[in-house]
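For ligands, and for the atoms within them, numbers begin at 1 and follow the listed sequence.
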Amino acid sequence: MKILKFGGTSVGSAGRIKNVADLVSKRGRNVIVLSAMSGTTNTLVEISDYLKCGNIDGAKETVNMLEKRYQRVLAELFDSEEYRLRAEKRIEQSLALIRSFTRSSFTTAEKTILAQGELMSTALMYEYLLSRGVKVVMLDALEFMRIDRNAEPEIQYIRDRIIPMMNRHEDADLYLTQGYICRNATGGIDNLQRGGSDLTASLIGAAVEAEEIEIWTDIDGMHNNDPRFVEKTSPVGHLHFEEAAELAYFGAKILHPACVLPAKLNNIPVRLLNTMQPDAPGTLIDNSYKPTRQGIKAVAAKDNITAIRIKSGRMLLAYGFLHKVFEIFETYRTPIDMIATSEVGVSVTIDSDRNLQAIIDDLKKFATVTVDRDMVIICVVGDLDWHNDGLEAIAIDALRDIPVRMISYGGSEHNISFLISRDDKTHALNALSEKLFNAKS
Ligand code: ASP
Ligand code: MG
């Protein structure tokens, strides 16, 4: 059994929903996970924001717009009047629930509103598949997907709930469920954070010990560089989970970073595929080691980075300095991305400025602090075991005429990170592609 997850653009119109229905009904008894139709979650966030700030008219108007879009999809999707009416009833239920919050001024019920996107997309797919004679069984994510008090998914709970739900319908052609949505420790409706449908797929994959998890989007796999900034990029055929984790974290938007872990731990391959080109090989991510000719597989960039240099005369020959530094970041719950140390100082980077001033104030109690804003991390990923000589030299050579603020290498066997100014990002990405990928092909 496989888990097939389709993102928002893959189900973004009646035509796309039909495509996905075609695709999944040929593939055997799998679990299909859907995101909300593209744009829907953003619209739901907007509605909830209007409600929060008391702009009831703004909320009502936005629900009306949403309704119009779904009515059009309903009209275009169904030939069968019977199934169209059933789907319409379900969509109207969601819209009525959202509208009910425009009448009570106390509850913002944000999470409940955000959950309607996936509930509506799966309702459309469910009725459409039934109308075509596919025996599809809906697995309600709110009945099995749960996070604990720390917002961590409860894999044992998920397993204990979903398996009996599936076993009750062993004759199903397909199972269908909502990505992203879940319940929390108090039983309330919650979610796995924006982009969380990938994580849903990975968690279900782990729970049912799936053979493979397929993440279907509208690009043919993970590319070796960012196509928005580099003209000539190509899909990477294979990545180790750790390489994928680095790329997902450092900017490759195609896969949600949290999604990697459950699949990796349970040794379930993840395949990134393209709904527009279903036969393209895409990218396979697993725990296997497959050496490649060029060693370095891909480059990604992470924006809005702040670098902090922390220097202290007392760091010389002292221990405990780094502990004091890290303690401050921990106090403000601010993750550090990159670190570079020397005998007299340490530089770290963070991607959130939220507590920057407080962090600086605390650091200044025992060190001198300088800050560089608007920086970018360029992350070079591949088979960078330290015995593979020359690879770091090629990357550094590619950046020869770009000022580099920090370099981090050796933290894992899969990554070199460079910190540069935002203004040099496009140049750096292109220079790396030229040297690493295009020169040899
Ligand atoms: N619909 C949610 C979002 O837009 C979850 C997802 O698509 O992964 O973030
Ligand atoms: Mg996504």
- Message: Need the ligand 1 atom indices (1-based, order shown) with element for anything under 4.0 Å from a heavy-atom of Arg194.
- Response: 3 (C), 4 (O), 9 (O)
- Task: Using non-hydrogen atoms of the residue, decide whether Gly196 is closer than 4.0 angstrom to ligand 1.
- Result: yes
- Would you call the rings of His414 and His240 parallel, tilted or perpendicular if under 30° counts as parallel and over 60° as perpendicular? parallel
- Atoms in ligand 1 flagged as close to Ser197, the criterion being non-hydrogen separation under 4.0 Å: 5 (C), 6 (C), 7 (O), 8 (O)
- Task: Check each atom of ligand 1 against the heavy atoms of Thr41 and keep those under 4.0 Å away; list them by number with element.
- Result: 1 (N), 2 (C), 3 (C), 4 (O)
- ligand 1 contacted by Gly195 (non-hydrogen, < 4.0 Å): yes
- Message: Restricting to non-hydrogen atoms, name the atom on Ala172 and the atom on Val137 that form the minimum distance, rounded to 0.1 Å.
- Response: CB-CG2, 3.6 Å
- Item | Residue pair Leu130, Arg86: steps toward the side-chain contact (heavy atoms from CB on, under 4.5 Å) verdict | CA-CA 11 Å; Leu130 286 180; Arg86 284 167 51 152; 3.5 Å; yes
- ligand 1 contact on Glu118 by region, counting heavy-atom pairs under 4.0 Å: side chain
- Task: Work out which heavy atom in Thr217 is nearest to a heavy atom in Thr275; give both atom names and the distance.
- Result: O-OG1, 2.7 Å
- Query: Can you tell which of Glu214, Glu211, Glu212 makes a salt bridge (Lys or Arg N to Asp or Glu O under 4.0 Å) with Arg271?
  - Reply: Glu212
- Against heavy atoms of Ser35, which atoms of ligand 1 measure under 4.0 Å? 6 (C), 7 (O), 8 (O)
- Walk me through it: do Thr177 and Ile32 pass the test side-chain contact (heavy atoms from CB on, under 4.5 Å)? CA-CA 6 Å; Thr177 190; Ile32 316 303; over 6 Å; no
